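Treat the numbers as computed from the prediction; the structure is a model and nothing was measured. Just follow the structure's listing: the first ligand is 1, and inside any ligand the first atom is 1.
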Amino acid sequence: MNARTCFLVFIASSMGFAVVVPKIGVAGDAKKGQAIYSQSCAACHGTDGKGGIPGAPDFTSKNGVLKSPDSVLIDRITNGYQSKGSPMAMPPKGGNASLTAQDISDVLAYIRQRFGG
Ligand code: HEC
């Protein structure tokens, strides 16, 4: 990806679109992501996305974590993440080491489609 494409992707994602650039990335499949979410994510994030445990963010919140671009969220889902002062960390891949990069794109597509952001 050249600098111009990179810039455009950045702008589009900061405007809140789930950016799918076929040439450079794998598009997420929200349908497949649904199954992954219920198996690996819902225990902590809730089937309603509002956070089932203390510290888990509300995905449906308008100015919440889904404001971040895909690249940031994919990194945090893959490698884990703990924000300042949070009582609990997001475990890498939600604790399911068998998830592939495609699975993570799929689950993010599902989260965006279902909970907004
Ligand atoms: C063991 C509980 C647990 C599981 C399982 C889990 N999460 Fe999380 N997740 C958390 C917690 C707690 C946070 C908040 C971390 C913080 O802010 O310090 C979080 C944060 C997040 C965030 C927001 C990151 C940000 O930018 O603030 C996303 C997106 C996310 N999780 C997605 C997922 C996905 C997708 C899965 C399934 C593959 C998953 N989580 C599984 C506990 C979990």
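For ligand 1, the atoms lying closer than 4.0 Å to a non-hydrogen atom of M88 are 1 (C), 2 (C), 12 (C), 15 (C), 16 (C), 18 (O). Distances below 4.0 Å separate heavy atoms of V107 from the following atoms of ligand 1: 35 (C).
No part of L66 comes within 4.0 Å of ligand 1, judged by heavy-atom distances. Contacts between I104 and ligand 1, counted as non-hydrogen atom pairs separated by less than 4.0 Å, are absent for every part of the residue.
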Using the rule given for side chain to side chain contact (heavy atoms under 4.5 Å, CB included), can you reason through N96 versus Q39, listing the C-alpha separation, both sets of side-chain angles and the distance that settles it, and then say yes or no? CA-CA 9 Å; N96 182 353; Q39 282 161 19; 5.5 Å; no
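Taking the six-membered ring for Trp and thresholds of 30 and 60 degrees, Y110 and F115 have ring planes more than 60 degrees apart, a perpendicular arrangement.
Under a 4.0 angstrom heavy-atom cut-off, I36 registers as lying outside contact with ligand 1. In this structure, L108 does not count as a contact residue of ligand 1, since none of its heavy atoms falls inside 4.0 Å of the ligand. The closest approach between any non-hydrogen atom of G95 and ligand 1 is not below 4.0 Å. For F59, the heavy-atom gap to ligand 1 drops under 4.0 angstrom. Within the structure, the closest approach of A43 to ligand 1 does not fall below 4.0 Å when heavy atoms are considered.
Rounding to 10°, one obtains 180° for the angle at atom 8 (Fe) of ligand 1 between NE2 (H45) and SD (M90).
Residue G55 holds the heavy atom nearest to atom 14 (C) of ligand 1 of all those in P87, P91, G52, G55. Of all the listed residues (C41, P54, P57), P57 holds the heavy atom that lies closest to atom 13 (C) of ligand 1.
Note: no N/O pair closer than 3.5 Å links Q82 and ligand 1 by distance alone. At under 3.5 Å, not a single nitrogen or oxygen of K93, backbone or side chain, sits near a nitrogen or oxygen of ligand 1. Taking any N or O of S83, backbone or side chain, at least one lies under 3.5 Å from an N or O belonging to ligand 1.
In this structure, S38 and T47 have side chains that are not in contact, with every pair of non-hydrogen atoms separated by 4.5 Å or more.
Residue, atom and distance of the protein heavy atom nearest to atom 1 (C) of ligand 1 are C44 SG, 2.7 Å.
Each of I77, I104, V107 was checked for a side chain to side chain contact (heavy atoms under 4.5 Å, CB included) with K93, and the lone residue meeting it is I104.
Under the 4.0 Å criterion applied to side-chain N and carboxylate O atoms, R112 and D70 are assigned as salt-bridge partners.
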